[in-house]
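One structure is given here, and the rest of the page talks about it.
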Amino acid sequence: MFLSNDEIIKVMLEYIEEDKYKSAILINGEWGSGKTFFITEKLSKVIKDRIKNEGKYIYVSLYGVGNVEELSNKLYSEICSETLVKLSGVEKEKIDTGIKWIPKLLYFTKFIPFIKNYNSIKKIMAPIIKEIAKIKKCVVVFDDIERCKIDIYELFGYINELVEHNEVKAILVANEKKITDKENKDGEINKYDEIKEKLVGITIMYKPEFNLSYEHIIDTYLKEANLKEYLKNEKQKTLILKEFYEKEEYNLRTLIYLITMYKKIFSLLEDIEFDKNYVEIHMENILKYSTYISLELKIKNKLENLEFTENKEIENIYFKDNSQKILYGYKFINDYFQTGYLNEEKIKKILLDEMRERKKIDEKVKENENLSFNKLYGNWWKLEDEEVNDNFRLLKEELEENKYPPIMYKDIIIILLQLEIEEFIDENETLEFIKLMKRNLELEETKRKYEKSYKHEIFEILIEDSKTREKYNNLIKDLLDTIDKNLQKEDGKSFLIENEWNEEFLRECSKLSNIFLMNKKFLFYENIEELMTKIVGVKSPYNVYYLIEGIRRIYSFSNLDEYYKNDIPNLELLITKLKIQIVETQKFSKTRTIALKELHKKLEDYLNKIKK
């Protein structure tokens, strides 16, 4: 059971005021849960106000404290420093530093000319001695118990002595899991429980009131007025807290990490001169994605299943744990949160290019804003069942009338997958939509009207769940084939034939490798006769080696057999023709023969892997 902050304060005050309590009280919570923040910012103020002149409040951190003598010195330092602050008006931090030197300097005071006699020392020390005497009947908070180097028996014995004989009210603050984990590692099971039972009367499990802490943390860690106002807005606050609650993560340090990292992004976005509505969309999307990334790094200490398509900086992410959740992902955020580096000029260009493209699409969509897609996408689960079914039927009719540009097919497929999961439709109904999309892509009118977006890239999407990703890839396979066939009809050339084999060719191979992979075809599309003519006619053996490296970048993984079975006929034909050509080339060039033999060998290796 977790108590609220107010309930904890009430329990603490009752503990302090009740003389019968001859035991300590423990606040137990995870690291980063805000225990220390709660004590220093709230609990301490209430306790100090309550005890006033009747006792003293002392806070000590046990982080790194190695022995009881060091602990005693910390306690006395806390008592002395506050008194000296009152006497001298010097800052507490300087007083604390000076106190550490007192034992070393006392011997030398008799050599200091302005100290005429020890009466002056007594005059200074008298109030301090009175304060030290107040270690009796005071409230002492011992924080960071788990980080203390003193043996737990010795530490709790020391605190127990203060509680029983000095009438001290001791408040212990710890992450008990870390203490017991260390015990188990050292083979001392139950030692902590045994000694704890003798000292601790009440254990309070601490869980932060995240909602209440949120704005206080914003005010404490941020200075920028615009950013503070933005993050305190109910919409942004709800967005962040919702992600934390979904992950059941209540670590305040993660929240602090998030807002301090987002600060730089917010500043960058504020400087972008573009339509304010589009900038604000990125502000919100990046905040949401940054929250997700912060939590992933905190919980897993790494980012999983977030490999972006090559040359893609911004992509939709479809999540396996929530059929309705689509997150707008930013590759540069992944890099920034892991390295701390932000290439601001490059990122501004990425965002501006995306906003310009989005604005163009929005202008086209606005022409048809009554289309059912706009009612379903990102919103269908908020509708009544009947509305969902009605709009689904309308969506099909609109697709039959070819009212949607191909660039929107990806999002329509995502809607279909979501509706399948929730059993609004079945797999056959989804396949009917795919047939309609294929029919539309085959139309000359579609290709001519949407020439710039008539390409593989419009179907790229980042999907976290492997099963959903596989299903999506299978659904778009025919659509990609249709685009390929139409483009090939247009220029009559294949990828390997139409490109010069040089550095630019290698970059294109890397860029398109994922598309070939999704399509499960590469050499399948090549005209082997024309390809052989190009291989024989290269300017130099260098070009053949570029070809070898380019093919390697596409076939660069072990399970080729799962993807490129369609390439087998053309691979076999190319290998056969190369073998014949090598015999001919040996007659006039040794270096070209070496290059062709290397190509032949690599192709045979790939063929064996695909056939296995």
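The shown structure was predicted, so the numbers you read here are calculated from the model rather than taken from an experiment.
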If you count heavy atoms of other groups shown closer than 6.0 angstrom to [atom1] of [X], is the number above 12?
X	atom1	result
K349	NZ	no
Y245	OH	yes
K232	NZ	yes
E386	CD	no
N301	CG	no
E14	CD	yes
K276	NZ	no

Please answer whether the main-chain N or O of [Y] pairs with a side-chain N or O of [X] as donor and acceptor at a distance below 3.5 Å.
X	Y	result
K169	Y15	yes
Y257	F337	yes
E429	D426	yes
Y404	F373	yes
Q338	N334	yes
N389	D385	yes
E313	I350	no

Inset, instruction - State whether W31 and K178 meet the cation-pi test: NZ (Lys) or CZ (Arg) under 6.0 Å from the six-membered ring centroid, and within 45° of the perpendicular axis. - result: yes

Legend entry - Cation-pi check, K359 onto F274 ring (under 6.0 Å, within 45° of axis):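 K359 over F274 ring: yes.
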
Legend entry - Plane angle bin for Y289 and Y330 - parallel if under 30°, tilted between 30 and 60°, otherwise perpendicular: tilted

Legend entry - Ring geometry between H282 and Y328 (parallel below 30°, tilted from 30 to 60°, perpendicular above 60°): tilted

Would you say the side chains of [X] and [Y] form a donor-acceptor pair under 3.5 Å?
X	Y	result
Y63	E146	no
T203	K196	yes
E270	N226	yes
D143	T36	yes

Legend entry - Residues K331, D335: salt bridge by 4.0 Å N-O rule: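 Looking at D335 together with K331, the answer is yes, because their closest N to O distance falls below 4.0 Å.
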
Inset, instruction - Considering only NZ, NE, NH1 and NH2 on the basic side and carboxylate oxygens on the acidic side, decide whether K403 and E401 come within less than 4.0 Å. - result: yes

